[in-house]
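Structure record follows, encoded as structure tokens.
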Amino acid sequence: MSAMTRASCLCGAVTWTLAGPVPAMFHCHCTRCRKAHGTAFATYVSAPAQSVALEGTGDVTCWRPPQGGDNRCFCRRCGSVVPYSVEDTVFAPAGNFDDDPGVRPRWHMFVRSRAPWYEIRDGLPRFETYPPGRAAAPVVDRPSLDPPGRPRGSCLCGAVAFIVEGEPVRCRYCHCGRCRKALSAAHATNMTTALDGVRFTRGEDMLARYQVPEARFFATVFCSGCGSPMPRRHPDHRFSVVPLGSLDDDPGARSTGHIFVASKAPWFDIADDLPQQPAYSPGE
Ligand SMILES: [Zn+2]
Ligand SMILES: [Zn+2]
Ligand SMILES: [Zn+2]
């Protein structure tokens, strides 16, 4: 275990270090985490505020929920989630670590809010909301909508909304280092659909895009108001990618496998028995 754990956002503008042993790591399935990270669940470590040193704060934007609850902070250049504090505790997203923090996830919380398209397969303790004895501000769940037609999606702050009009083509978990940093999570859960299969119904002008300079294809699109990952078009590949955590309705599709498992986070174990590809695979 290293005494100093380094982390950074996808574009590198915001960096932070955690000094000393990291006390706790956990998965959260609440709707706010799912939207802020655009995937099945978020994984955070909590640590005393004085053990975290954040640099590049000029690029940090925080969204303050009008209904109350924790602020959500992100890099305004690339959309990565960055640590936020609640009183004297800092919550840092595990997906951004450059080093192995030495701790492993210890529980799942807010499983009552779990995505309908995600099944928890590991043996960690599960809590309906917070673990017993952890006092915290209540999280306001968004009511899940009864799908009358095509699945709808929206960002955390609600400024951006869309409908997936195209059929789901493929749905997989991606463990590549860029997805992990872009979403600040253990892995992405992405669905592909036709290039013009996503229609924005509001807030399209709020979308920000970050293109990784050295990558041929990798880009991320997020709401500039809250940082939530949003669908993006890939004209080169002739499809659009929908980060499933942004959906309000069940798309019906389920993940059929894992890709880029050679880049998997050291602190995350795959507990299901879906096929695993070491890198990209165009097929199932
Ligand atoms: Zn950044
Ligand atoms: Zn959460
Ligand atoms: Zn937003």
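One-based numbering along the sequence shown. Values below: every heavy atom of this structure, side chains too, minus hydrogens, waters and symmetry copies. Every number for a ligand or one of its atoms is a count from 1 in the order of the listing. Remember, predicted model here, so these are calculated numbers, not experimental data.
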Compute the ring centroids of His108 and Phe127, then answer whether they are less than 6.0 Å apart. no

How wide is the angle at the Zn ion (ligand 3) spanned by Cys223 SG and Cys157 SG, rounded to 10 degrees? 110°

For this output row, return yes or no: ring centroids of Phe110 and Tyr130 closer than 6.0 angstrom. yes

To the nearest 10 degrees, calculate the angle at the Zn ion (ligand 2) involving SG of Cys33 and SG of Cys30. 110°

Within the 3.5 Å criterion, strictly below it, is a donor on His27 or Thr43 matched to an acceptor on the partner's side chain? yes

Please tell me whether Cys9 and Cys75 are bridged, where bridged means their SG atoms are separated by under 2.5 Å. no

In degrees, rounded to 10 degrees, what angle do Cys78 atom SG and Cys75 atom SG make at the Zn ion (ligand 1)? 110°

